2 protein chains.
Amino acid sequence: MLQNSSPEPPHPAKDVTQHVGYLLKRAQAALRGAMDKTLREHGLTVPQYATLELLALHPGMSNADLARATFVTRQSGNVVLRGLQDGGLITRPATADHGRARPAHLTEEGRARLAAVQAAVYAVEQRMAEAIPPRRMAALLADLDSIAAALEE
Amino acid sequence: MLQNSSPEPPHPAKDVTQHVGYLLKRAQAALRGAMDKTLREHGLTVPQYATLELLALHPGMSNADLARATFVTRQSGNVVLRGLQDGGLITRPATADHGRARPAHLTEEGRARLAAVQAAVYAVEQRMAEAIPPRRMAALLADLDSIAAALEE
DNA sequence: CCGCCTATGTCAAAATGCTGACATGCTGCA
DNA sequence: TGCAGCATGTCAGCATTTTGACATAGGCGG
């Protein structure tokens, strides 16, 4: 090896607020806040929006699927799904045809609500994208993915 | 190409799971899970640990200060502080000397508990650091900071 | 000096999320 | 066929966090 002369490469910052974990939390908190504020004006919560977006991309996902994709438990996912169902934004068959999984689908109103919100949400995403040099975007996405992969043993 | 002729530079990925926001959430969720698991073995929660770390760095922070720094409300921060106080890890004067803010300080036991946990927590941080090319670390930290700054209007 | 504004701490209620537990339905294997 | 293992949906209880509200303390400009 080429001699790693630095004695402390992994966490070179002594200030905790300069660690990866802290900055990650900070960025995520800021994003959550911005999303909350934006979605509130449209009567949706962040988990609800995330569910709609996923269902638009992958129709027929089950509650367990959605829970995994939105990083919550099945129980929490079920509450979100129930809310969306009560609001008429999604439909679920009363009885499962295959296993126990009941595939969820967007209703016409669900698709409309999603479309109405997407512009506002994508504006938030754009504010993030504009904050970082375009040249680094791909690397940032790859690094975030690597971090997640490294922590899910 | 030198010319940026692409009409959609901000969010080049059509798949939502490739957006910055989603990957940010995923990375943060993974980090939260790893931290939870690690800290549980030491009888601490993530907010409690964060508070101890901040108090070690900046003794005398008030509840409101800590709440801001840990991205929770004052009410939640107070619960955390009360828990730490009941556990004998921090002290707060019963009465404020200046305003209403009561400066918190680590006890000897608090310092000891923090020191005992830091090795395990820094190991998690190390797993993250090893997952990304060292060359990109500074850029990643800067980008995360930029994202947070861009979203806090 | 006084009133307005801001910041802080705290209480109560509601929302949200999680853990634990259980029943159901599929799959694979002997 | 029978049975163990696993995934899913769901209920109940608990923990955490937030929203909303209020009282108090200090700064500031009139």
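Note that this is a predicted model, so its numbers are computed, not measured.
- The CG atom of B:Leu81 sits 14 Å away from the P atom of C:dT8 (whole-angstrom rounding).
- Taking 4.0 Å as the cut-off between side-chain N and carboxylate O, A:Asp86 and A:Arg82 do not count as a salt-bridged pair.
- Ring-centre distance between B:Tyr122 and A:His19: below the 6.0 Å cut-off.
- Rounded to whole angstrom, the span from the CG atom of B:Leu66 across to the P atom of C:dA7 amounts to 17 Å.
- With rounding to whole Å, A:Arg92 atom CZ is found 8 Å from D:dG9 atom P.
- Between the C1' atom of C:dT8 and the CZ atom of B:Arg68 lies a distance of 9 Å, rounded to the nearest Å.
- In the set C:dT8, C:dG9, D:dG9, the nucleotide with an atom closest to the side chain of B:Asp65 is C:dT8.
- Under a 3.5 Å cut-off, the side chain of A:Thr107 and the backbone N or O of A:Gly88 do form a donor-acceptor pair.
- When side chains are defined from C-beta on, A:Leu144 counts as touching A:Leu24, because their heavy atoms get closer than 4.5 Å.
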Would you give a per-nucleotide map of nucleotides 11-26 of chain C, 5' to 3', where B means the base has a protein non-hydrogen atom under 4.0 Å away, S means only the sugar-phosphate does, and - means neither?
B-----SBBBB-BBSS
Derivation and outcome, salt bridge (charged side-chain N to carboxylate O under 4.0 Å, His left out), residues A:Asp145 and B:Arg26
CA-CA 8 Å; A:Asp145 194 74; B:Arg26 180 166 119 91; 3.3 Å; yes
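- A distance-only check finds no donor-acceptor pair linking the side chain of B:Arg92 to the backbone of B:Ala104 [under 3.5 Å].
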